[in-house]
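Numbers here are sequence positions counted from 1. The shown structure was predicted, so the numbers you read here are calculated from the model rather than taken from an experiment.
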Amino acid sequence: YCLMPGSHPEEMVIYFSGSNILFGSIFLNNAQATSPAKMTNADASVRLQSLHRLKEKYPHPKFVIPGNGIWQGVTIETTEKLLQHAVKKTSEN
């Protein structure tokens, strides 16, 4: 396995290379989420940069498991869209 920090220490991501499973803890949203996962002291743009690094390092995981909610669906893409929206919303304020 390999550990990769998110934008905050409690957002540790674990990749199990033998089975190609990515556990996203609270860093990744489930596919039905409508707002970014808990963002304790984390700026949305920093979190988005961390997500892009994650996608580069593990581009094709077989399963992606978020820290809460059901884990079926496109959790990485959902998280990315929610963070992009949060960054845009922040820049408009």
> What heavy-atom pair brings Q84 and L48 nearest, and what distance separates the two atoms?
Replying inline: CG-CD2, 3.9 Å

>> Checking R47 against S50 for the side-chain hydrogen bond (donor to acceptor under 3.5 Å, both in side chains) test, could you report, in this order, the C-alpha distance in whole Å, the side-chain angles of both residues, the deciding distance, and whether it holds?
In response: CA-CA 5 Å; R47 194 171 182 168; S50 294; over 6 Å; no

>> Tell me whether T79 contacts the main-chain N or O of N29 through its side chain, where contact means a donor paired with an acceptor under 3.5 Å.
In response: yes

> Does the side chain of V13 reach to within under 4.5 Å of the side chain of Y58, using non-hydrogen atoms?
Replying inline: no

> Can any side-chain N or O of N68 pair as donor or acceptor with the backbone N or O of I26 at less than 3.5 Å?
Replying inline: no

> Which heavy-atom pair separates P61 from L22 by the least distance, and what is that distance?
Replying inline: CB-CB, 4.1 Å

>> Test of understanding: clusters of I, L, V, M, F, W, Y form through side-chain heavy atoms closer than 4.5 Å, transitively. Do I14 and I21 belong to the same one?
In response: yes

>> Within a 6.0 Å radius of atom NE2 on H85, are there more than 12 heavy atoms belonging to other residues, nucleotides or ligands?
In response: no

> Name the one of T78, I65, L51 that satisfies side chain to side chain contact (heavy atoms under 4.5 Å, CB included) with L28?
Replying inline: L51

> Within a strict 4.5 Å, meaning less than it, do heavy atoms of the V64 and F23 side chains meet?
Replying inline: no

> How would you list, by chain and number, every residue that makes a side chain to side chain donor-acceptor pair (under 3.5 Å) with T75, sequence neighbours excluded?
Replying inline: none

>> Quick check: closest heavy atoms across M12 and S25, and the distance to 0.1 Å?
In response: O-OG, 2.7 Å

